[in-house]
Amino acid sequence: MVFSHLFFVFIFLALNLLVYCLMPGIRLKNACMLIFSLVFYAFAGPKYVILLVSMVLVSYLFALAEDHFLKKGRKKGATAMLIIDVVSMLGTLAYFKYAVFILENVRSFSGLKFDIPEIILPIGISFYTFQLISYNVDVARGEVSAQRNYFRLLLYAAMFHQCIAGPIIRYSTVEKEINERKFSVSDCRRGILRFCTGLAKKAFLANTCASVVDNLVPAGADQIAVTSAPSLWVGMFFFMLQIYLDFSAYSDMAIGMGLMIGFHYDENFNYPYVAVSATDFWRRWHISLSTFFRDYVYIPLGGNRCSTVRNIFNLLVVWALTGFWHGASWNFILWGLYYFILLVIEKYIIYRKPKEKQNAPVTVKDTEEKENDDDNTENEDHINIMNLDIVPDDQDLSVDTVKLSDIIKELNELSIEGTEYTGIEKAQENSAPENKQYIEKTETEKPVKSRKRHLYYMLYLPRCIFTMCLVLIGWTIFYFDDTLSLKAALTRMFAFDGGAGYYADRAALLALKNNMFFLVIAMISCLPVYHKLHKKLYSLTIEGHPFLFRAKYLLDALTVVVCLLLSVMCLIGNSYNPFIYFRF
Amino acid sequence: MTESRKTDTHIPHIPNEDTQIRNAQTEDIKKEPTKSERSEKRWSVFIIALFALLMAGGSIVGLIPDLRPKVSELEKRELEAFPVYSDESLISGEYLDNLQSWYADSYPGREEILTAYGDMKDHYGIKDEEIHGELSYGDEIPVVEDYPSIEDDYTIADESMDPPLPPTPPTDDNASAGGSAAEDDSGTEENASEEGGTSVSDNNYDPDDFAPIPSVASDAGSDGEKFGALYISNGAAYSTYYFSQKCADEYAAMASAYAEELDGVSNVYSMLIPLSGYFYLGSDVKEQLHMSDEKAAFNYIYSVMDEKVTPVPVVDTLARHRNEYIYFRTDHHWTARGAYYAYRQYAKIKGFTPYEITDYTCVQFDNFLGSFYSSTGSSSLSATPDVVEAFVPLSTNTMYITQKNGVTMEWDIIKDVSGWGRYSKFNTFIGGDQPYAYIKNPNINDGTSCLVIKESFGNAFVPFLVDHYDEVYVVDYRYYKQGAVTLAKEHEIDDVIFVNNASALSTGKINLMKARMF
């Protein structure tokens, strides 16, 4: 079952919420969630429930063993247990997800003849396997204690909110809330809002984009080889919108449903299409996956605290794996390597840090961050540039002497933080009214020079547009999951065939013309516009406009009604409702 | 470790909203909630209640079985039925899949919601022209000799001339589309609906008794025509045709095989009908949609057919009358008027004298929205609905149809469908797509007979044959399973006519025709 199905909304979720409300006590509420989650998963094929349940059982037992060894001070024993667990998890994943791919490649490269078994990829296996691995690693590292109750662990892994399309939730995030969680009307309201907007994002926006893509981009290399380049470009542009709207919609719905019942999942997307570099893009795109690879692969490999060559190798491993995680196909690996190249270029060429800076003594805050998170040093002086509410102090006016190239280098460090999440949650009601334009945030930040800031804004749009062009090319690699089609598409799009694909194409033109108003809405939905509006209303509320106070909630209420009705209409009206994560 | 939590630590002195609320709930003894907090809570409760209400409403409506539609008239198909339970289907996951499909597919108010969705889609952008579906590419068509229509006064239309806009349907008895010199009296039929009403009302059937049977028997959407891409412009839709060498050869071979098999029994004729875009789209548009030239394609097919198959080339004759209302705007079919000119062409080849169009009683059913509308929901199409004109045969209006369930019944060749839904009006002709139909002409008893092997395009054509044969047999190859050659041999049928439109030149349909010879 997927969220964007009428049956899910009106039968499954409605029943789930009703039963959940009626259950007294946390134990029964958890039981309710567990049963519903297993039923939810059973819709994808009841036999895979057995797989899920047994994988959780393996993780559960190994985690207990790890915990046991740790308590006795035998770290090696815990590590051994962890290795066995991770190998068995990855082995299962490899069998279901990669066996066919690997065998096919072995067959085609070796020339041997053998039959390849048909293996169906159980839905969501990549997500829950990763959750279980992160749980075991965290237990072995002593960061969390092992869950004694099997069913609670099962609930963590199988929770229907995130089981089939993410986000990948760390056990530590929900550890406490599985045992005890508070219902708050305010959370519930925000959850409802989040769910409804997510549903509309998927049913109305993403599915419409998907059907445009489908009309413009044919299947099969020979058909693509005769499709016009404008069609392919416009098609890929719509795909770029589709994949963000679709994927982030699932995360929105998961987070929203979590909030409704008192779970606080981490954000998974932070408006990736306002990124100003590939590095920035990956800080904002599928955060739960990139932090997974950062914490469980990149940093254990040595992260960036090693030689340049080793660091590049580490990045290579991480990005090849990130790509491969998205599906067992060469194009996904290529897609990962594409980002590897971009990130290496950004890290070592464009935004290379001056030597003396790297050797400079780290500040207190830096050390703190380093302990938690080695690779985040470049985040040290983030400032929320997108957030126009925050204007830094203009203390240092001596920047006139700074060279432009230096400024650009340092611009890299002006990254953007999490406050931008659909962050209705970050109320700033308490700050003094006269301070609202200057919300105090500067104590942890270095003052940003006004000149630099000015330049940042000037360069913001070109940088963002350039980055999005790179991202668009990335999505092209991502979209064509057979190599021949990909080659044909890139040949057409980049005129490797001498520009034969470039002619006025009515299909591409009409796709834009017929959907121009829709396109504006879809593009706005990718930007933090609604979020800003909401935030503005909040800050004005602080000043005590009673009308605006009501407007804020009226906007919420209206959003809920409009999004829900719109979604129902689209779910019935539009028969095109693809689920694009079946390869994950 | 994650970004959001980092933010929390950055702003430790600004409690976020929910902690405030928790404070308000749990520590109200210590601290009275402020006015704005109380108000915030009230609003939250209001929004939660609103959501609960909407969810409950949607669930309850969805659970009332009586509200669920069974048939979509708009899409001309039966909606998903409640799945039948079996242990295997449950284990394979199929049962639960079907359950979900059933739930969404027959949700109460479906047709209205679909219409509303279509209306909304019209505002997605500027829609003076639209393309629905995926464009494709045709093969190169081999150049062969021309097969012109046999018509003395025929002059080839100037290729460079801009094609006319598709004629608007006749809105009243005098406003016949056209104004063609040849048929200048075509608009002066008697008051259509009245005449038609009386001429078909002397049958014993209450349309309600049988309406549901043919009304879902049409082909769009089910196993019938699937349009490649649709191009919509000026309130009319056009289906694209892409030549396929393989299909063309297969079709020719199929028709030849019939002729071979029926050698000495029947004459075999092949009438290939182009789609409306051929006549009404400019060459620039055709090029940009990569559409293949249907005339060239048909010429090629005729040229590779066995000599025993007699071509009935109708492209030129239709082109000549393209200023008339020969194709629907919202439906993929030709009109009866278009079929009439094809009939004249057939008559020329057969050597009998065709009736003039004014000889017939014309009935009209207005407010028709066809398959193009159903599949696109485009409001530019619904703004100009079509009118179905039908010409009642002079000899008889009675036929016998055998339905898909095997039941044979008497029916009208031209049925009064004025009371039927606006999407079903093309079913006025020979009861829609029935597997088998038989018409006996009471005025002719010379034993002459013909068999029409057709898909839905043939429906509008068959009524004109009625007055020239003793017996007319009609077979829809998609549903008739007994074998057309067997039928022709059994009844010693004189003429076997293939009436196929360009979109029938697909492997699937050709295979059906091939498979259903015996």
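Computed over heavy atoms, backbone and side chain alike; hydrogens, waters and symmetry mates excluded. Chain A is the first sequence line, chain B the second, and so forth, proteins listed ahead of strands; every chain is numbered from 1.
- Neither the backbone nor the side chain of S211(A) comes within contact range of chain B, judged by heavy atoms closer than 4.5 Å.
- In terms of non-hydrogen atom pairs under 4.5 Å with chain A, the most contact-rich of Y95(B), Y107(B), Y231(B), Y124(B) is Y124(B).
- The greatest number of non-hydrogen atom pairs below 4.5 Å with chain A, out of A52(B), G109(B), A104(B), is found for A104(B).
- There is no contact between L18(A) and chain B, counting heavy-atom distances below 4.5 Å.
- More than 12 heavy atoms of other shown residues, nucleotides or ligands fall within 6.0 angstrom of atom CG in L63(B).
- Here L54(B) is the residue among D97(B), L54(B), L289(B) with the most heavy-atom pairs under 4.5 Å with chain A.
- With ring centers used as reference points, Y241(B) lies 6.0 Å or more from Y278(B).
- Ranked by heavy-atom pairs under 4.5 Å with chain B, the list V568(A), T227(A), V212(A), L509(A) is led by T227(A).
- Looking at H290(B), the atoms closer than 4.5 Å to chain A (heavy atoms on both sides) all sit in the side chain, from C-beta outward.
- For the options L566(A), N514(A), V217(A), heavy-atom pairs under 4.5 Å to chain B are most numerous at N514(A).
- The ring of F8(A) has its center no closer than 6.0 angstrom to the ring center of Y103(B).
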Step-by-step side chain to side chain contact (heavy atoms under 4.5 Å, CB included) determination, F51(B) to L564(A): CA-CA 9 Å; F51(B) 178 72; L564(A) 206 59; 4.3 Å; yes

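- Looking at D556(A) and R190(A), no side-chain N of the basic residue comes within less than 4.0 Å of a carboxylate O on the acidic one, giving no salt bridge.
- Proximity to chain B is absent for every atom of V520(A), based on heavy atoms less than 4.5 angstrom apart.
- Contacts of A508(A) with chain B are absent, with no heavy-atom separation under 4.5 Å from either backbone or side chain.
- The local environment of CD in E287(B) is sparse, with at most 12 non-hydrogen atoms from other residues, nucleotides or ligands closer than 6.0 Å.
- One side chain, S378(B) or E130(B), offers a donor N or O that lies under 3.5 Å from an acceptor on the other.
- You'll find the ring centres of F46(B) and Y553(A) outside the 6.0 Å limit.
- With a 4.5 angstrom heavy-atom cutoff, L50(B) touches chain A only via side-chain atoms.
- In terms of heavy-atom pairs under 4.5 angstrom with chain A, the leader among D122(B), V285(B), L53(B) is V285(B).
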